[in-house]
Amino acid sequence: MEIYLDNSSTTKPCSEAVNAAILSMKENWGNPSSLHRLGFNADRAVEEARQIVADSLFADKNEIFFTSCGTESNNTAIIGAVNSLKKRGNRIVTTSIEHPSVLNTMRRLEDEGFEVIYLKPDQSGVISENDIFEAVNNKTILVSMMYVNNEMGYILPLEVCKRAIKAASSPALLHCDAVQAYGKLPVKLKNSGIDLLSISGHKIHAPKGIGALYIRNGVHIKPYLSGGGQEKGMRSGTENVPFISALGAAVKALPDIKKQLEKTKELSEYTREILIKSGFVKINSKTDALPYILNISVPGYRSETLLHFLESRDIFVSSGSACSKGKGSYVLSEFGLSKDMVDSALRISFSRFNTKDDADKLLLALKEAVNTLRRSY
Ligand code: PLP
């Protein structure tokens, strides 16, 4: 049987999500903008899903806008915010460990003349409070910080950003890429100081190609797409009703987040322990990281070689993030890992469907790998 330990790349759609998408395509395929009954039914399905997503974030229904993915949510939030506030300043603050959908958007904005400050993890592997306070000034128009880093599981200090923005009397909006946190950590938006927040369906057992952006009531950003004015003008384009319904169903099917976090913590700690005991595995993720993500290295063995060996045993993990497609991870380098550790890194990422048995089989296969494969360096 396949052992899937690559859930931060994507998750298997849950049966609730699959059924909702199929039902929508078979029976509820109208255009939500149509004025007849078929349109009305499709619109109702979209609004039901919007309410479910809003409730899961402790947000209002009118603060949720559906997009095609986390990448689109990040682009819309960042470009929209900057275009709305550019008269008030020129500085953007972000981190050097963001996902490419944030970093490459920042590079585009630098080309347009914005000043972008990239905060780096310090020697202890954290983005320091001091650095955040120093970076945010009264000309800062956007702070964009991810909730959880997708490769290390590091939980970033968002609450410090909120205080730094206030202390600097800055007009900045606070954007958060919560793609790896949503559904795994309790994310409560009311009074959080977060103005914009991105989520993605395929990390929580909904299909690929659906995401959402939270825009706090009272915050106005310029839309990224223009067209027929769907999503209250924020995201033109006929709504992807089947996948919106599937997202709603996947969110509804999420287990109690705190209880599941505890279970995953137990599984992650167990995995850590048995891997450390093996003597040939080093753990890169800190103990206070999100337990769903465990980054390890097997020094002397290349990530990709290990990945394919594990694959031959029907065990699926990731080398760096899925987006880096085999390139050495810039994120791990930013965390100060040596080249050997980066080149031999694997990311194990859990979902609620993984068990200790999966961890045992991973260890057995890794043992077999180091006994079979020749060291690469
Ligand atoms: N942000 C983070 C932290 C991610 O891990 C990912 C995907 O891996 C994304 C954004 C992009 O999401 P999507 O694949 O839905 O575009």
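For ligands, and for the atoms within them, numbers begin at 1 and follow the listed sequence. We count residues from 1, following the sequence as given.
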Need the ligand 1 atom indices (1-based, order shown) with element for anything under 4.0 Å from a heavy-atom of [X].
{"X": "M146", "answer": "3 (C)"}
{"X": "H202", "answer": "13 (P), 14 (O), 15 (O)"}
{"X": "S200", "answer": "13 (P), 15 (O)"}
{"X": "Q180", "answer": "3 (C), 4 (C), 5 (O)"}

### Ring-face cation of R216 near Y214 (centre distance under 6.0 Å, axis angle within 45°)
no

Distance-only donor-acceptor hits, side chain of residues 13-24, under 3.5 Å, sequence neighbours excluded:
from, atom 1, to, atom 2, distance (Å)
N19, ND2, S15, O, 3.2

Per-residue contact class, [X] against ligand 1 - non-hydrogen pairs under 4.0 Å:
{"X": "T71", "result": "both"}
{"X": "E98", "result": "neither"}
{"X": "E72", "result": "neither"}

### Pair D122-N130, side-chain donor/acceptor within less than 3.5 Å
no

### Query
Taking distance alone, with no angle check, do V148 and ligand 1 share an N/O pair under 3.5 Å?
no

### Message
Evaluate D177 for polar contact with ligand 1, using N/O atom pairs at a separation under 3.5 Å.
### Response
yes

### Query
Do the ring planes of Y4 and F316 sit parallel (below 30°), tilted (30 to 60°) or perpendicular (above 60°)?
tilted

### Message
Tell me whether ligand 1 is touched by S101 - counting only heavy atoms on the residue side and a distance under 4.0 Å.
### Response
yes

### Message
Going by the rule ring-ring contact (aromatic ring centres under 6.0 Å, His included), which residues pair with Y154 if we only count those two or more places apart in sequence or in a different chain?
### Response
F335

### Query
Does R235 pair with E72 as a salt bridge, N-O distance under 4.0 Å?
yes

### Task
Go through the steps for E112 and V82 under the test side chain to side chain contact (heavy atoms under 4.5 Å, CB included), then give the verdict.
CA-CA 11 Å; E112 288 176 27; V82 162; over 6 Å; no

